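What you see is a predicted model, and the numbers here were worked out from it, not measured in a lab. Scope of the values below: all heavy atoms of this structure, side chains included, with no hydrogens, waters or symmetry mates.
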Amino acid sequence: MNILITGANRGLGLVLVKQGLELGNQIFAGVRNLYDPSVGHLHQLQKQYESKLDIIHLDVTDEKTVIEATKKLKNKNQHLDVIINNAGVLIERDKTIEELDVEACLRSLDINTLGPVRIIKYFMPLLEQGDKQSIINISSEAASFTNAYSGDYPYGLSKAALNMLSEKLHVYLNAKDIKVFSINPGWMKTDMGGDKAPTDPLDSAIGIYDIIFGKVKPDSRFVFINYNGEAMSI
């Protein structure tokens with residue numbers, strides 16, 4: 001399969017790249033800054049997997065880079081089978097509503113919600129050329145209304161909106177047999193999740209690929225699920 005992964009140079013994104021390559025897929029690894037030291041991890045993988053890994057400049061907040069990335073794939077006569085919208089930001093963690101920086105909320109929405117909108121908008125023609133297609137939006141338990149908690153306002157708001165985007169896409173793309181899932185990867189041991197997190201990102205990545213490849217078939221009324229394919233509380 002041809003798989004596009006955003007935010008591919010660190011955290012879950014990097015693990016998804018590694019796992020996807022191990023499974024024999026063609027990976028397009030989108031990174032916001034090609035000169036970030038963390039991109040070195042992708043270059044190491046490129047030495048091992050060569051042409052199976054294509055590192056592309058892709059800032060989900062910058063429409064021009066998204067358009068240029070689509071042109072790059074088109075010029076190579078490439079298509080997509082899977083889009084994984086992984087790029088995200090977690091800021092203003094411990095702020096109360098009185099302390100909250102509204103600009104930080106706007107930035108979170110721009111990256112976590114509108115970022116996937118931009119990616120899907122421009123890459124959809126390439127996805128429609130694929131086979132057994134799916135869109136995977138990386139969500140969070142913080143998006144759950146049922147389990148809402150105080151704090152993480154920008155993150156929770158942006159991920160709840162991402163879940164609505166996923167539901168709307170599910171309805172829109174159902175006739176084209178393009179699957180859409182909004183997946184909670186769990187609280188993971190990454191730069192974002194910290195060392196106290198209980199989940200290995202490799203476990204999340206394996207679960208996500210099992211869903212993509214149809215090894216696990218979620219049985220849920222809504223597309224908000226965890227990485228094991230189980231329904232999440234809306």
Side-chain angles (χ1 to χ4, degrees), residues 1-32 34 39 41-60 62-63 65-88 115-138 165-166 169-170 172-183 185 201-202 204-218 223 227:
M1 282 189 168
N2 287 3
I3 302 174
L4 172 68
I5 302 171
T6 66
N9 53 307
R10 56 166 56 92
L12 176 62
L14 181 60
V15 178
L16 284 166
V17 170
K18 291 178 180 177
Q19 186 64 16
L21 290 168
E22 287 183 14
L23 292 170
N25 300 284
Q26 172 71 49
I27 303 295
F28 300 99
V31 298
R32 181 177 63 85
L34 290 172
V39 179
H41 299 300
L42 292 173
H43 288 303
Q44 290 297 319
L45 287 171
Q46 205 168 44
K47 290 178 182 178
Q48 180 180 355
Y49 290 97
E50 299 179 339
S51 62
K52 296 294 288 184
L53 173 59
D54 194 349
I55 304 168
I56 57 177
H57 181 213
L58 193 55
D59 181 346
V60 300
D62 186 344
E63 210 159 353
T65 72
V66 180
I67 293 170
E68 286 301 314
T70 61
K71 289 179 179 178
K72 180 178 179 180
L73 268 62
K74 286 177 183 176
N75 290 339
K76 293 183 176 182
N77 294 316
Q78 293 283 6
H79 67 274
L80 290 176
D81 303 302
V82 181
I83 294 174
I84 302 180
N85 285 305
N86 167 75
V117 168
R118 294 184 186 97
I119 294 294
I120 296 164
K121 174 181 177 178
Y122 289 105
F123 280 97
M124 182 62 73
L126 294 179
L127 186 67
E128 289 178 333
Q129 296 172 23
D131 183 46
K132 298 180 180 178
Q133 307 101 308
S134 60
I135 295 172
I136 306 297
N137 294 323
I138 300 301
L165 170 65
S166 300
L169 287 170
H170 168 66
Y172 174 61
L173 296 172
N174 187 54
K176 297 182 180 181
D177 201 27
I178 298 177
K179 294 180 173 58
V180 181
F181 294 109
S182 200
I183 298 182
L202 178 59
S204 294
I206 291 171
I208 290 168
Y209 278 116
D210 281 348
I211 293 167
I212 289 171
F213 296 135
K215 293 182 180 179
V216 171
K217 298 185 183 299
V223 299
Y227 64 91

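Across every non-hydrogen atom of Asp54 and Gln46, the tightest pair is CA-NE2, 4.3 Å. Summarising the geometry of Leu45 relative to Lys18, their closest heavy-atom pair is CD1-CG, 3.6 Å, with the distance given to 0.1 Å. In plain terms, the two heavy atoms of Gly7 and Asn86 that are nearest each other are O-ND2, 3.0 Å. Counting all heavy atoms, side chain and backbone alike, Tyr122 lies closest to Thr70 at O-CG2, 3.4 Å. A pairwise comparison of heavy atoms in Asn137 and Ser166 identifies ND2-OG, 2.9 Å as the closest pair. The shortest non-hydrogen separation linking Pro201 to Leu12 is O-CD1, 3.8 Å.
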Stepwise side chain to side chain contact (heavy atoms under 4.5 Å, CB included) check, Gln48 with Gln44: CA-CA 7 Å; Gln48 180 180 355; Gln44 290 297 319; over 6 Å; no
Kindly indicate, with the supporting measurements, whether the criterion side chain to side chain contact (heavy atoms under 4.5 Å, CB included) is fulfilled by His41 and Asn9. CA-CA 7 Å; His41 299 300; Asn9 53 307; over 6 Å; no
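Using a 4.5 Å heavy-atom cutoff, the side chains of Leu173 and Gln133 are not in contact. Looking at Phe28 and Leu58, their side chains never come closer than 4.5 Å, going by heavy atoms from C-beta outward. Between Ile120 and Leu127, the closest side-chain pair of non-hydrogen atoms is not below 4.5 Å. In this structure, Tyr227 and Ile206 have side chains that are not in contact, with every pair of non-hydrogen atoms separated by 4.5 Å or more. Counting heavy atoms from C-beta outward, Ile212 and Asp81 have side chains that stay 4.5 Å or more apart. When side chains are defined from C-beta on, Gln78 does not count as touching Leu126, because their heavy atoms never get closer than 4.5 Å. Between Arg118 and Val60, every side-chain heavy-atom pair lies at or beyond the 4.5 Å cut-off. The side-chain heavy atoms of Lys72 and His57, taken from C-beta on, include no pair separated by under 4.5 Å.
Distance alone, capped at 3.5 Å, is enough to place a donor-acceptor pair between the Asn2 side chain and the His79 backbone. Side-chain atoms of Asn174 never come within 3.5 Å of backbone atoms of His170 as a donor-acceptor pair (strictly under, hydrogens ignored). Between the side chain of Gln26 and the backbone N or O of Leu80 there is no donor-acceptor pair closer than 3.5 Å. In this structure a side-chain-to-backbone donor-acceptor pair under 3.5 Å is present from Asn25 to Met1.
Here Ile136 contributes atom CD1 and Ile83 contributes atom CD1; the two are 10.5 Å apart, rounded to the nearest 0.5 Å. Rounding to the nearest 0.5 angstrom, the gap separating the CG atom in Leu53 from the CD1 atom in Ile27 is 7.5 Å. In this structure, the separation between CD1 on Ile138 and CD1 on Ile183 is 5.5 Å, given to the nearest 0.5 Å. Rounding to the nearest 0.5 angstrom, the gap separating the CD1 atom in Ile5 from the CD1 atom in Ile119 is 12.5 Å. The structure places CD1 of Ile67 at 9.0 Å from CG of Asp62, a figure rounded to the nearest 0.5 Å. Glu68 CD to Lys71 NZ: the interatomic distance, rounded to the nearest 0.5 Å, is 4.5 Å.
Within a 6.0 Å sphere centred on CG of Asn75, heavy atoms belonging to other residues, nucleotides or ligands number more than 12. No more than 12 heavy atoms of other residues, nucleotides or ligands lie within 6.0 Å of OH in Tyr172, so this atom counts as exposed by the packing criterion.
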